[in-house]
Amino acid sequence: MQEYNAPIEDILFVINNLNSDTNSISDDYSDPDLIKQIFEEAGKFSSNVLAPLNTVGDKEGISLENGLVRMPPGFTDAYNQYIEGGWASVAGSKEYGGQKMPWNIVGGLNEIWHAANISFSLNMLLTQGAIEVIEAYGTKEQKNKYLPKMISGEWSGTMNLTEPQAGSDLALLKSKAILKDGSYKLYGNKIYITHGDQDMSKNIIHLVLARLPDAPEGSKGISLFISPKNLISKDGSLLEKNDIRVVSIEHKLGTLASPTCVLAYGDNTGADAELIGQEHGGLKAMFTMMNNARLNVGIQGVSIAERAYQQALNFSLSRLQGNSIDGSSTGTVAIIDHPDVQRMLMDMKSKIEAMRALSLFTANELELTKNASSDLGKQKAQENLDLLTPIVKSWCTDQGVFIASTGIQVHGGMGFIEETGAAQHYRDARILPIYEGTNGIQALDLLRRKLTMDNGNIFKRFLNEMRKDANKCTSVQGEQIPEIGNKVINAVNILDDTANELLSMWKNNKRHAAFGATPFIDMCGNIFGGWIMAKSALKASHLLINDNKNKFLNEKINTASFYTNTVLESSLSLKNVVINAHKNVDSILLNNFRN
Ligand SMILES: Cc1cc2nc3c(=O)[nH]c(=O)nc-3n(C[C@H](O)[C@H](O)[C@H](O)COP(=O)(O)OP(=O)(O)OC[C@H]3O[C@@H](n4cnc5c(N)ncnc54)[C@H](O)[C@@H]3O)c2cc1C
């Protein structure tokens with residue numbers, strides 16, 4: 001059985017030490033002992049209940065019987081335990097029965113659930129997003145009708161955007177909503193709907209994008225609707241099935257226990273639906289959910305990477321192969337004694353810690369958009385969140401795939417054989433750079449909308465804050481932390497130059513700038529990761545003053561040192577790719593693919 005132990009110490013280190021504003025923590029969650037208890041309980045549930053089902057789900061998969069999806073054995077029971085444990089309600093608002101935990105705590109919990117069992121936890125990810133949309137755009141009546149049962153987990157939620165002809169480009173969406181006798185009816189086909197059907201929750205609340213008959217063309221003419229799997233009476237009890245049919249479930253590369261459904265709305269009389277938000281205002285409402293979902297998908301990258309790392313580390317301790325390269329021990333050694341295996345494991349570990357810190361820092365910015373102590377603080381948090389979200393989504397998911405691949409490499413041939421489970425992590429990770437906006441789209445979002453915010457000044461402000469933290473490292477005693485700080489300052493300066501050049505390229509030649517978008521977002525991820533590792537090392541050095549033997553804190557500084565000497569250094573050469581490569585490459589691309 002693959003084991004999973006939630007990395008609670010590191011999650012708590014990030015939550016307790018790396019926030020940009022500590023004055024804004026909700027009083028309910030300001031007690032570190034309470035937060036620790038929450039994570040310890042989550043750790044137990046994930047190790048004992050969710051993680052063992054990860055392999056079961058991968059092997060058994062799901063089935064479609066008489067138009068209904070059946071989850072793998074054990075999933076419904078785990079779902080009931082998840083609800084009884086109160087885990088479904090952690091993010092929801094108190095008014096409707098939720099616990100309203102701050103977003104960085106929710107993010108840390110999400111990391112644990114997805115690491116333990118991503119197929120199971122996707123249900124919760126989509127439900128959390130649907131709850132946010134209803135909280136933000138629903139009428140009082142809609143909130144009362146849907147939120148208590150969705151927040152408790154009795155009902156779950158889905159997000160229905162994609163259609164066969166409309167993926168990245170939602171302007172091409174065709175599903176229709178028609179007003180008949182005072183209520184809306186939906187008609188159309190949606191594909192790839194995650195947990196579009198399952199037998200764990202009692203009802204499923206679909207959020208569906210569709211066009212009204214008089215809608216303008218393109219993305220301005222899209223409205224958002226709520227359409228439940230089973231119709232709901234005035235007293236909240238469930239009535240007959242709505243006119244929504246599960247046409248099929250997709251056969252996929254990974255996340256085999258997550259039902260990815262093709263749904264047909266309105267085969268017969270039309271699927272009953274309610275408009276949520278303004279007519280033609282659907283995309284704006286859906287983006288509330290998608291931005292948070294993007295952050296959570298970035299966190300999924302951390303989850304799978306952590307799971308792959310734990311597995312690779314355990315394997316490397318028991319696999320005996322080869323001799324010590326410097327003769328420091330005799331006879332056959334465990335592969336963890338080889339420098340190249342150590343390099344792979346440290347590469348995994350240091351990136352994971354950087355990804356975790358960056359994604360939970362971003363989750364805290366999300367919290368500050370609502371709860372910062374001043375309006376200015378809220379605005380700044382929103383700008384930081386806007387900037388960081390595509391970086392977290394893209395960098396953490398690309399690295400999630402890379403780290404899962406390194407996990408296989410550590411296993412050698414056994415990694416390629418399904419029985420170790422290393423291959424499952426790689427297969428499961430592969431969807432992350434694709435859904436919730438492909439990473440190519442994230443790179444363009446960073447270039448077109450985020451780098452250009454306030455003519456580049458928001459990006460510059462963030463880089464200046466990174467420099468300030470790195471500068472603090474340079475005045476710490478000893479060599480290790482100042483070296484980390486100097487490397488980060490150098491990297492931030494190079495990133496600053498690269499961003500300036502890219503911005504002017506964007507003004508002069510959009511095609512050339514677009515060519516640099518993906519290497520630029522990679523560079524940002526690696527360098528922002530370096531900054532947050534420097535911030536972590538600095539904090540660890542402060543904490544060590546009163547606790548100088550603390551193993552975790554000493555390891556944190558060493559891990560930051562490894563990261564800045566390897567990952568950070570190798571990312572600097574991306575500058576040339578971003579700003580120079582197009583000069584030679586663009587004509588090759590044009591000639592190869594356009595003629
Ligand atoms: C397992 C799974 C679960 C999913 N869950 C859901 C769900 O719950 N709800 C939902 O609505 N959807 C869901 N999706 C859909 C998912 O969000 C889309 O697959 C994704 O947004 C990409 O759309 P597409 O597949 O049509 O690819 P396309 O849009 O056809 O893109 C193909 C390639 O072209 C690139 N590309 C496209 N447009 C541009 C452009 N303008 N500039 C540069 N490059 C571009 C893309 O980056 C990509 O590399 C899911 C998909 C999968 C596979």
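Each ligand, and each atom within it, is numbered from 1 in the order the structure gives.
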For a quick test of your reading: what N or O donor-acceptor pairs under 3.5 Å do the side chains of residues 517-528 make, sequence neighbours left out?
| unit_1 | atom_1 | unit_2 | atom_2 | d |
| --- | --- | --- | --- | --- |
| N526 | OD1 | W395 | NE1 | 3.1 |
| N526 | ND2 | D522 | O | 3.2 |

Item to check | Those residues that, when tested against F225, pass ring pair (Phe, Tyr, Trp, His ring centres under 6.0 Å) (two or more places apart) | outcome: Y184
Item to check | Distance-only side-chain donor-acceptor flag, E501 / S504, under 3.5 Å | outcome: no
Acceptor/donor pairs from residues 399-407 side chains to any protein atom, 3.5 angstrom cut, sequence neighbours excluded:
| unit_1 | atom_1 | unit_2 | atom_2 | d |
| --- | --- | --- | --- | --- |
| Q399 | OE1 | K351 | NZ | 3.3 |
| T406 | OG1 | F402 | O | 2.9 |

Next on the checklist: Given a heavy-atom cut-off of 4.0 Å, could you list the residues near ligand 1 in chain and number order?
Outcome noted: M159, N160, L161, T162, G167, S168, Y192, I193, T194, K252, T260, I431, I434, Y435, E436, T438, I441, L444
Checklist entry - So E306 and R356, salt bridge (Lys or Arg N to Asp or Glu O under 4.0 Å) or not? Walk me through it. => result CA-CA 10 Å; E306 171 70 34; R356 172 176 299 123; 2.9 Å; yes
Next on the checklist: Distance alone, cut at 3.5 Å: any donor-acceptor contact between the side chains of E274 and Q142?
Outcome noted: yes
